[in-house]
Participant: 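Take a look at the following structure, please.
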Protein chains: 2
Amino acid sequence: MSATAPRVLVVDDEPQIVRGLKILLRSAGYAVEAAETKADALVELVSRPPDALVLDLVLPDGGGVEICEEVRRWSRLPILVLSAVGDEREKVRALDAGADDYVTKPFGTDELLARLRALLRRSVDVGGSPELKIGELVIDLSDRLVTRNGKPVHLTPIEFDLLRVLAQHQGRLVTQRQLLREVWGPEYGDETHYLRVHVAHIRAKLEPDPSRPRYVITEPGVGYRLRDPAA
Amino acid sequence: MSATAPRVLVVDDEPQIVRGLKILLRSAGYAVEAAETKADALVELVSRPPDALVLDLVLPDGGGVEICEEVRRWSRLPILVLSAVGDEREKVRALDAGADDYVTKPFGTDELLARLRALLRRSVDVGGSPELKIGELVIDLSDRLVTRNGKPVHLTPIEFDLLRVLAQHQGRLVTQRQLLREVWGPEYGDETHYLRVHVAHIRAKLEPDPSRPRYVITEPGVGYRLRDPAA
DNA sequence: CGAACTCATCAAGATTCCGTAAAGACAGCG
DNA sequence: CGCTGTCTTTACGGAATCTTGATGAGTTCG
């Protein structure tokens, strides 16, 4: 779960239900996305993984059970199954397929929210924190830790923030103005000198040969980019 | 969850229910212990932590809600609450107190087993031991005791809470704000000097050389982390 | 070739942040 | 009432970090 509002993906083919859930969950402080089919859901799950999944068991292009099984191959994402079917065998099937909870419609909204809170609470800190990998570098954003070939490298706050912004754009060019704004604030857009000094420090700490940079590449007159030297 | 049969602690004051649950759970391959009161349950939880807890909400010497809250102060043990009460407020209260699932009596046995499987599946390697070990330190969260090389170290309440928060994040960085909020409360987010003096006290009590900290590492401008010096 | 520009590096200040000690405030307890 | 343990508050020296200025190398373009 991130520091910002937890993201919940709702998968259901009935527009009314989706609308209701969106309102309910948003008013409870969640960021809500929706998908109507199994295919859409899987695309969304892979491209922008949410913090939890609320899943109707009956979908046009395949059961929610299949989604559970699919997701469980690579993720521990909390899954809450909604269903009009109260049949016990159906519950067992969904739970054993990977669902974490099963609520039958019609459901009490307070109970649904409480069960979702319980799921999210358990998932905090389980499963390693999100890491960005660039060549020999591993950047753990939540831990503010950078390692090169497994060895931790100490960066000062500004150095880490600079590297983070570069890493989050994954190889793309980041302009000087953009970097300055994101690290120092909007009013520092012209202090390009700061960048040179701190980029030099970063290179000294994590480039094999700081005078011949392989990770932090400067684009003269424009900005910097963080690239994977192997790629 | 251990390699042997998972251990389940059943807490209920009705002998019939206990007997039924024992038979059911044992036939499903679990090792089952039972307790009839809140006090017994807590003793058993601390002395021989099970892999999961099945808990009746109504007990002679205090509610199951209290047990949930108590357990959650030091453990992530999966808790499945059983109750004859289907009232939604009661469910919300139990779930928010720390329960992971809530099943109303009478329940389908297959569903109960499936929900228990789902809980245990998620809790893999999130051990329910009330002790955290970091190098030579052992932190017993349930009776608020710290030992170094087996010798008890006396910490004041605030010192213990600081150490607890650091330990519960297992080596990860904890920001100053986060520490202040969790130990003092949300409105103390900026009193960073509290941290400095109490961290100094902690180091004086449990670092071999307080001037060269090996356990409580400071990240200048960001926060602290508790690390295992051997790792 | 030289002027103008951008960048890298180095070396001080300047500033912020941290560790430490010590003293005052406050509650619990005999 | 005095004692004890704990927390808060203050003060200051030193460390870590950031800023600032100076210098030289490389590039572009007239």
Side-chain angles (χ1 to χ4, degrees), chain A residues 144 146 152-166 173-177 179-185 187-226, chain B residues 144-146 152-166 173-185 187-226:
Chain A
R144 295 184 74 92
V146 179
V153 178
H154 177 77
L155 297 184
T156 70
I158 283 195
E159 287 161 14
F160 182 85
D161 286 340
L162 263 180
L163 189 66
R164 177 177 55 77
V165 175
L166 287 171
L173 173 70
V174 187
T175 66
Q176 300 172 352
R177 184 166 293 264
L179 281 169
L180 287 163
R181 276 209 233 277
E182 291 215 41
V183 176
W184 276 268
E187 61 272 30
Y188 287 78
D190 299 314
E191 311 281 343
T192 58
H193 188 58
Y194 290 6
L195 290 180
R196 293 196 198 100
V197 173
H198 290 286
V199 166
H201 289 160
I202 291 176
R203 283 174 176 156
K205 287 179 180 177
L206 49 76
E207 293 276 2
D209 177 4
S211 65
R212 221 175 317 265
R214 303 196 309 146
Y215 288 101
V216 183
I217 308 302
T218 124
E219 301 278 347
V222 192
Y224 294 87
R225 93 173 61 234
L226 181 67
Chain B
R144 303 178 67 87
L145 207 66
V146 179
V153 178
H154 175 74
L155 296 185
T156 71
I158 283 197
E159 287 161 14
F160 182 86
D161 284 337
L162 261 180
L163 190 66
R164 176 177 56 79
V165 175
L166 286 172
L173 174 72
V174 188
T175 65
Q176 302 172 138
R177 184 167 293 267
Q178 216 172 332
L179 282 168
L180 287 164
R181 278 209 232 278
E182 292 214 40
V183 176
W184 277 269
E187 62 273 27
Y188 287 79
D190 298 313
E191 314 280 342
T192 58
H193 55 281
Y194 287 10
L195 290 179
R196 287 199 274 283
V197 15
H198 290 287
V199 165
H201 290 160
I202 291 176
R203 295 211 260 234
K205 288 179 180 177
L206 48 76
E207 292 276 2
D209 177 4
S211 65
R212 220 175 318 263
R214 303 196 310 146
Y215 287 101
V216 182
I217 307 301
T218 127
E219 301 275 345
V222 189
Y224 295 87
R225 89 173 65 230
L226 181 67

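Quick caveat: nothing in here was measured; it's all calculated off a predicted structure.
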Participant: Rounded to the Å, how far apart are A:E207 CD and C:dA8 P?
Facilitator: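 Checked: the CD to P distance equals 11 Å.
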
Participant: Give the rounded distance in Å between these two atoms: NE2 of A:H154 and C1' of D:dA16.
Facilitator: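 Roughly 8 Å, once rounded to whole Å.
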
Participant: In whole angstrom, give the distance that lies between atom CZ of B:F160 and atom C1' of D:dT6.
Facilitator: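 Whole-Å distance recorded here is 17 Å.
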
Participant: Flag the pair A:R144 and B:E219 as a salt bridge only when some basic side-chain nitrogen lies within less than 4.0 angstrom of an acidic carboxylate oxygen.
Facilitator: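 So A:R144 does not pair with B:E219 through a salt bridge.
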
Participant: Between the two ends of the helix from C:dC1-D:dG30 to C:dG30-D:dC1, what is the bend in degrees, rounded to 10 degrees, where each end axis spans five pairs?
Facilitator: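 Roughly 20° between the end axes, to the nearest 10°.
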
Participant: Using a cut-off of 4.0 Å between protein heavy atoms and nucleotide atoms, how would you tag nucleotides 14-29 of chain C 5' to 3' with B, S and -?
Facilitator: ---SBBB---------

Participant: Closer to the 5' end of DNA chain D via nearest nucleotide, is it B:E191 or A:Y194?
Facilitator: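 Comparing both residues, the 5'-ward one is B:E191.
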
Participant: Just so I know, are the side chains of B:E191 and B:H193 near enough to count as touching, which here means a heavy-atom distance under 4.5 Å?
Facilitator: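 Yes, at least one pair of side-chain atoms sits under 4.5 Å.
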
Participant: Between A:E207 and A:R212, is there a donor-acceptor pair closer than 3.5 Å when you use the side chain of the first and the backbone of the second?
Facilitator: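 A pair under 3.5 Å: no.
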
Participant: When you compare the side chain of A:L180 with that of A:D190, does any pair of heavy atoms fall below 4.5 Å?
Facilitator: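 They are not in side-chain contact.
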
Participant: Below 4.5 Å, heavy atoms only, C-beta onward: do A:L179 and A:L166 meet side chain to side chain?
Facilitator: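 When only atoms from C-beta onward are counted, A:L166 and A:L179 do touch, with a gap below 4.5 Å.
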
Participant: Do B:V183 and B:V165 come within less than 4.5 Å of each other through their side chains, counting heavy atoms only?
Facilitator: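 With C-beta onward as the side chain, the pair touches.
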
Participant: As an exercise, state the distance from CG of B:L173 to CZ of B:R225, rounded to the nearest 0.5 Å.
Facilitator: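 The CZ atom of B:R225 is 5.0 Å from CG of B:L173, to the nearest 0.5 Å.
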
Participant: Considering only nitrogen or oxygen atoms on both sides, find all protein atoms under 3.5 Å from nucleotides 25-29 of chain D and state each distance.
Facilitator:
none

Participant: Taking atom P of C:dT9 as reference, at what distance in whole Å does atom NZ of A:K205 sit?
Facilitator: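 In whole Å, C:dT9 P lies 15 Å from A:K205 NZ.
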
Participant: Output the distance between atom OH (A:Y194) and atom CD (A:Q176), rounded to the nearest 0.5 Å.
Facilitator: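 Going from OH on A:Y194 over to CD on A:Q176, the span is 14.5 Å.
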
Participant: What is the distance, rounded to the nearest whole Å, between atom CG of B:L162 and atom P of D:dT6?
Facilitator: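 So the CG-P distance, B:L162 to D:dT6, works out to 15 Å.
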
Participant: In whole angstrom, give the distance that lies between atom CG of A:D190 and atom C1' of C:dC5.
Facilitator: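 Answer to the nearest Å: 16 Å.
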
Participant: Under 4.0 Å between a side-chain N/O of B:W184 and OP1 or OP2 of D:dC7, yes or no?
Facilitator: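 B:W184 to D:dC7 OP1/OP2: no side-chain N or O under 4.0 Å.
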
Participant: Can you name the nearest heavy-atom pair linking B:L195 to B:W184, along with the distance?
Facilitator: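 Residues B:L195 and B:W184, closest heavy atoms: CD2-CZ3, 4.0 Å.
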
Participant: Could you tell me the separation between the CG atom of A:L180 and the P atom of D:dT19, rounded to a whole number of Å?
Facilitator: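 Value for this atom pair: 10 Å.
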
Participant: With rounding to the nearest 0.5 angstrom, report the CZ to CD distance, B:R181 to B:Q178.
Facilitator: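 Going from the CZ atom of B:R181 to the CD atom of B:Q178 covers 9.0 Å.
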
Participant: Does a side-chain heavy-atom distance below 4.5 Å link A:L206 with A:L163?
Facilitator: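 When only atoms from C-beta onward are counted, A:L163 and A:L206 do touch, with a gap below 4.5 Å.
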
Participant: Provide, to the nearest angstrom, the distance between the NE2 atom belonging to A:H198 and the C1' atom belonging to C:dA11.
Facilitator: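 The distance from NE2 of A:H198 to C1' of C:dA11 comes to 15 Å, rounded to the nearest Å.
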
